[in-house]
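Working notes for the structure below.
By convention here, the first residue in the shown sequence is residue 1. Order of listing sets the numbers, starting from 1, for every ligand and every atom in it.
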Amino acid sequence: MFKRVPGTKDILPKEVSSWQTIETTARKIFSLYNYQEIRTPIIEEVSLFNRTLGATAEIVQKQMFLIHNQEDTYALRPEGTASIVRSYLENNLDKEAGLAKLYYIGPMFRLERPQKGRLRQFHHIGVEVIGSQEAILDVEVISLAEQLLRSFGITGYKVKINSLGCQKDKQALSLGLKEKLQKKSSQLCPDCRERIKNNVLRVLDCKNEACQKIIRELCPSFDYLCPECLGHFNKVKNELNNLNIIFEVVPWLVRGLDYYNRTVFEITHPDLGSQDAIGAGGRYNTLVKELGGPDLGGIGFAFGVERLLLAKNSLTEKPQEKLVYLISLGETAKSAGLKILNRLRAAEIPCDTDYLNKSLKGAMRAANDARANRVLILGDDELKKNNICVKDMSKSTQREIPIENLIKELKC
Ligand code: HAM
């Protein structure tokens with residue numbers, strides 16, 4: 001028997017209503033904030049990600065799913081931001097008036113070692129807003145993320161924020177960090193000793209216990225921020241306070257992707273174990289230009305849907321459908337029954353029938369299992385009179401009515 005590929009998941013019918021609830025709720029909230037959906041392909045040119053996420057990013061170095069054919073190598077998208085900025089520019093959305101406020105829902109792929117909350121195919125619900133560098137936009141985006149969590153019924157999460165500053169500030173941060181970490185280099189893991197040389201900010205994302213301990217002991221300060229970036233960060237914090245959004249400033253939160261600058265944030269949940277980020281995001285003020293576009297700022301975030309469901313910790317029960325179950329007894333009745341089912345569906349009445357040629361008793365059991373609230377019984381006797389028997393399962397009552405009155409009867 002074939003098995004699913006490691007790190008992928010079948011979303012079975014009993015789980016799917018939880019997914020649908022999350023997706024429907026998200027779409028409703030996005031429209032309240034005036035975001036529009038964008039759908040981009042799941043395959044992209046590899047260089048799009050190498051260029052934007054950074055050659056030293058873990059995703060680029062170790063986690064890309066590559067598809068080789070005779071001529072090209074493509075990547076299954078590991079995240080949405082780069083693809084959306086690519087699409088924004090390719091489709092000239094920058095020439096349209098106003099901000100592009102976009103949302104997306106879909107699968108992402110990373111070649112990671114699978115564990116709880118860490119899959120190779122997972123799903124993002126995210127947003128990207130392109131065209132403004134204003135601090136109040138950062139506040140809208142963070143408050144939107146929080147509003148989504150509240151609407152999903154998730155509590156107990158923590159919002160963590162930081163500012164990386166502009167490109168110059170990021171360099172100053174890297175230099176300062178390099179200096180501090182070089183002194184502790186012998187206590188760091190071999191990967192982090194390399195990271196000090198290549199991209200020291202990556203040390204801060206290391207999951208190794210010893211490295212984490214050293215990072216926590218470093219004395220954080222914001223002296224690398226230039227006055228403009230410090231002003232931006234202060235404004236973001238003040239306005240978040242204004243909206244009563246509770247957040248924690250985490251000075252060593254840098255995020256593992258190169259495109260970020262200024263505000264970065266992460267939302268964690270204590271029920272998730274070691275993979276505790278349910279969502280994350282930040283600003284990318286140089287990304288649009290780097291991909292050949294104008295000098296426009298952008299900001300966004302993405303939630304991992306599988307992690308949202310772990311944090312939600314309960315499956316949404318599928319609401320009881322008003323299902324009608326038809327039991328046709330005999331060949332003539334079965335043929336007439338198919339027509340009746342078509343008429344009910346055209347009238348938007350959900351219905352089903354027995355396709356296993358069961359006895360009346362067996363078919364009644366199947367109707368029960370399908371949680372039908374009405375059962376229709378059509379035998380030769382009823383058919384001769386152009387009648388049908390309607391059984392109300394909750395009241396345990398039954399009556400015979402003309403077939404032509406059936407839709408009216410079922411609708412009341
Ligand atoms: P990210 O932090 O790489 O950011 O991913 C966002 C979220 O996706 C994580 O917080 C986590 O919940 C979920 N996630 C990531 N990897 C996995 C995995 N292997 N299995 C299950 N869930 C996972 C980004 O991707 C950025 N593009 C976010 C962003 C949007 N920044 C600006 N705009």
message: Taking 4.0 angstrom as the limit and counting only heavy atoms of Phe122, give me the atoms of ligand 1 inside it, by number and element.
response: 14 (N), 15 (C), 16 (N), 17 (C), 18 (C), 19 (N), 20 (N), 21 (C), 22 (N), 23 (C)
- prompt: Would you call Lys101 and Glu140 a salt bridge, taking side-chain N to carboxylate O under 4.0 Å as the test?
  reply: yes
field: Nearest neighbour of atom 5 (O) of ligand 1 from the list Gln63, Glu79, His124, on a heavy-atom basis
entry: His124
- request: Could you tell me whether Lys158 atom NZ has more than 12 heavy atoms of other residues or ligands within 6.0 Å of it?
  value: no
message: Looking only at side-chain N and O atoms, does Thr263 offer a donor or acceptor that is under 3.5 Å from a partner on Asp138?
response: yes
message: Given Gly281, Ala57, Gly256, Gly117, identify the one with the heavy atom nearest to atom 21 (C) of ligand 1.
response: Gly117
query: Using a heavy-atom cut-off of under 4.0 Å, does the side chain or the backbone of Phe109 touch ligand 1, or both, or neither?
result: neither
- prompt: Hey, is Arg195 close enough to Glu58 for a salt bridge, meaning N to O under 4.0 Å?
  reply: yes
message: Check Glu331 with Lys334, please: is the shortest side-chain N to carboxylate O separation under 4.0 Å?
response: no
statement: Checking heavy atoms under 4.0 Å, the part of Arg118 that sits near ligand 1 is both
query: Quick one: does Ala277 get an N or O within less than 3.5 Å of an N or O on ligand 1?
result: yes
- prompt: Any salt bridge between Arg86 and Glu45, counting N to O under 4.0 Å?
  reply: no
field: Of the listed options Arg110, Gln275, His269, Met108, closest to atom 24 (C) of ligand 1 (non-hydrogen atoms)
entry: Arg110
query: Quick check: does Thr81 get an N/O under 3.5 Å from an N/O on ligand 1?
result: yes
N or O contact, Leu119 vs ligand 1, cut-off under 3.5 Å: yes
task: Show which atoms of ligand 1 fall inside a sub-4.0 Å distance from at least one heavy-atom site of Gly279.
output: 10 (O), 12 (O)
message: Check this for me - ligand 1, Ile278, N or O atoms closer than 3.5 angstrom, yes or no?
response: yes
statement: For Tyr259, the ligand 1 atoms with a heavy-atom partner under 4.0 Å come out as 26 (C), 27 (N), 31 (N)
message: Does only the side chain of Phe301 get under 4.0 Å from ligand 1, or the backbone, or both, or neither? Count heavy atoms.
response: backbone
query: For the ring pair Phe233 and Phe222, is the centre-to-centre distance below 6.0 Å?
result: yes
task: Mark up the atoms of ligand 1 that fall under 4.0 Å of a heavy atom belonging to Glu128, in ascending order.
output: 30 (C), 32 (C), 33 (N)
field: Heavy atom of the protein closest to atom 32 (C) of ligand 1 (residue, atom name, distance)
entry: Gly300 O, 3.2 Å
